[in-house]
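Note on naming: letters A, B, ... go to the chains in the order of the sequence lines (proteins, then strands), and numbering restarts at 1 for each one. All figures in this text were calculated on a predicted structure; none of them were measured in a lab. Just so it is clear, the values below take in all heavy atoms, side chains as well, and ignore hydrogens, waters and symmetry mates.
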Number of protein chains: 2
Amino acid sequence: MRGNLFAVAVDLVILTVREGVLSTLLVRRGVAPFLGELALPGGFVLPHEDLLDSAARELVEETGLTITGHHLEQLASYAAPDRDPRGRVLSVGHLALVPDLPEPQAGSDAAASAWYPVAEVGHLAFDHDRILAAGVERARAKLEYTTLAATFCPPEFTVSQLRGIYEAVWGTELDPRNFQRKVTNTPGFLVPTARKVSTGRGRPAQLFRRGEATSLHPPMLRD
Amino acid sequence: MRGNLFAVAVDLVILTVREGVLSTLLVRRGVAPFLGELALPGGFVLPHEDLLDSAARELVEETGLTITGHHLEQLASYAAPDRDPRGRVLSVGHLALVPDLPEPQAGSDAAASAWYPVAEVGHLAFDHDRILAAGVERARAKLEYTTLAATFCPPEFTVSQLRGIYEAVWGTELDPRNFQRKVTNTPGFLVPTARKVSTGRGRPAQLFRRGEATSLHPPMLRD
DNA sequence: CTCTTTCATGTCACATTGACGAGAATCGGC
DNA sequence: GCCGATTCTCGTCAATGTGACATGAAAGAG
């Protein structure tokens with residue numbers, strides 16, 4: 001067919017919000033190129049795998065999370081001729097949005113993986129900086145016109161928690177009252193849980209679950 | 001490195017608006033798989049090429065257009081194990097937006113290429129239907145919040161022509177007066193040409209050039 | 001019991017939008 | 001040369017969404 005063949009890898013930008021800080025899962029490389037540097041979790045696509053399947057498999061291996069209920073989408077592909085010293089490797093970046101995990105993780109596949117605040121991430125192996133930047137920008141954009149912020153939340157959550165997601169991802173502050181009006185007036189975004197309340201320090205908040213709506217019309221603007 | 005290698009191709013969704021109809025450039029295949037069927041223009045990535053360079057080269061070969069001033073972006077990658085009977089081929093879809101070309105083309109690379117109204121396109125070779133659908137959807141979305149509609153237009157154009165682009169891409173009708181107010185009130189979208197006017201059948205229209213603005217705030221909604 | 005904190009609801013000015021009216025400038029036909 | 005059709009351009013008005021801000025409701029801390 002053609003002589004110039006590529007190895008194909010999937011790399012994952014896995015985003016979550018931990019204690020109000022947008023964070024991503026990174027692994028410290030234990031093998032040949034860029035040894036010891038931080039990189040996105042990822043791996044080569046197996047012979048009979050499709051891209052999204054491969055990304056889902058990597059996600060499970062790194063976090064133990066299955067895709068059910070979570071969000072995983074393709075970002076973009078990177079194939080600069082010199083991006084990998086071993087030869088021609090095309091990497092398909094993916095974006096995963098997950099809720100704050102109970103524990104980072106223990107004896108999983110890549111034990112060297114941990115969460116890092118996105119704002120503090122410096123240089124990464126390969127061209128993973130660019131992929132991470134693309135993932136963060138995509139997430140920021142998608143919060144504007146979709147209901148995806150809820151995928152960062154546990155199954156039941158308050159409006160404050162949801163607002164915290166927006167503030168962490170966007171790096172801005174939002175007016176609690178206007179935010180509440182916006183999300184509660186958007187049909188299908190939030191379904192109130194059976195009168196349950198939770199508590200922190202002030203008045204208890206109503207708990208919600210995700211609604212069926214996926215898009216936000218009109219969008220939530222961040223200016 | 002790994003045994004499972006891929007051939008990597010770029011495929012192009014080239015969109016334009018011809019006589020008020022959103023159209024795409026397709027080629028009739030003259031070789032082995034899917035011989036005789038319609039397909040997106042594209043080809044394999046050369047040994048030292050990056051993806052966007054490869055797509056730009058294909059665009060030149062198919063249309064004679066250089067990228068200067070036009071729009072070319074990556075869409076997504078497709079790598080289902082059985083998408084190509086010859087073996088594992090990963091295709092990186094790209095989207096190009098071009099103005100209505102003076103002539104389809106003549107003795108260029110793929111002489112079998114021609115413009116087809118998007119609405120009338122049936123089944124395509126490989127999984128090119130999906131790529132085309134993704135390209136059209138991306139173009140529709142981008143008209144909402146960017147000034148990219150102008151890339152469909154010649155260097156100088158009227159507000160009516162621009163509105164025709166929106167109507168063709170979205171398949172809707174827009175109020176001429178509200179549309180005019182919207183685009184002329186958006187700073188940096190349109191720069192009025194030195195008082196020139198054009199003509200069709202009614203009152204002559206002001207000619208504009210593209211401004212420097214790339215995003216639309218607030219966006220143009222299509223409902 | 002009062003203060004503080006956070007949730008929840010409401011008000012008001014302002015900008016944008018959608019629907020529409022009407023004048024300005026051209027052309028084709030009589 | 002006049003008339004009507006056509007299209008560009010500007011303007012009006014009500015409805016809607018947003019930003020800024022006040023205020024009440026429901027908890028815990030001292």
Point to revise | Minimum heavy-atom distance B:K182-B:P218, with the two atoms named | key: NZ-O, 2.9 Å
Study note, to complete from the structure: Those residues at least two apart in sequence (or on a different chain) that pass side chain to side chain donor-acceptor pair (under 3.5 Å) with A:R203 are none
Rounded distance in Å - [atom1] ([X]) to [atom2] ([N]):
{"X": "A:R203", "N": "C:dC7", "atom1": "CZ", "atom2": "P", "answer": "10 Å"}
{"X": "B:M220", "N": "C:dT17", "atom1": "CE", "atom2": "P", "answer": "9 Å"}
{"X": "B:R181", "N": "C:dG18", "atom1": "CZ", "atom2": "C1'", "answer": "7 Å"}
{"X": "A:K182", "N": "C:dC7", "atom1": "NZ", "atom2": "P", "answer": "20 Å"}
{"X": "B:H217", "N": "C:dT16", "atom1": "NE2", "atom2": "C1'", "answer": "15 Å"}

Study note, to complete from the structure: DNA chain D: first to last nucleotide in contact with chain A (atom under 4.0 angstrom from a heavy atom), 5' to 3', is D:dG17 to D:dG28
Review point. Under the 3.5 angstrom rule, does the side chain of B:T16 hit a backbone N or O of B:D100 as a donor-acceptor pair?
Key: yes
**Study point:** Main-chain N/O of B:R83 paired to B:D127 side chain as donor or acceptor, under 3.5 Å
**Key:** no
Point to revise | Proximity to DNA chain D (any heavy atom under 4.0 Å), residues of residues 143-179 of chain B only | key: B:S160, B:R163, B:R177
Check your understanding: Nearest to the side chain of A:Q206, which nucleotide is it out of C:dA8, C:dA25, C:dG18?
Key -> C:dA8
Review point. B:P204 has a side chain; which of C:dA25, C:dT6, C:dA19 sits nearest to it?
Key: C:dA25
Practice item. Check the pair A:D11, A:H94 against side chain to side chain donor-acceptor pair (under 3.5 Å), reporting the backbone distance first and the verdict last. Key: CA-CA 6 Å; A:D11 288 308; A:H94 286 75; over 6 Å; no
Check your understanding: Can you tell if the side chain of B:H217 reaches within under 4.5 Å of the side chain of B:Y145, non-hydrogen atoms only?
Key -> no
Point to revise | Validation row: B:L190, B:V159 side chains within 4.5 angstrom (heavy atoms) | key: yes
Study note, to complete from the structure: Between A:R201 and B:P218, whichever has its closest DNA chain C nucleotide further toward 5' is A:R201
Practice item. Check whether the ring centres of B:F208 and B:F157 lie less than 6.0 Å apart, and answer yes or no. Key: no
Exercise for review: Check the pair A:E37 / A:R28 against salt bridge (charged side-chain N to carboxylate O under 4.0 Å, His left out), numbers first and verdict last.
Suggested key: CA-CA 5 Å; A:E37 292 189 30; A:R28 198 162 293 279; over 6 Å; no
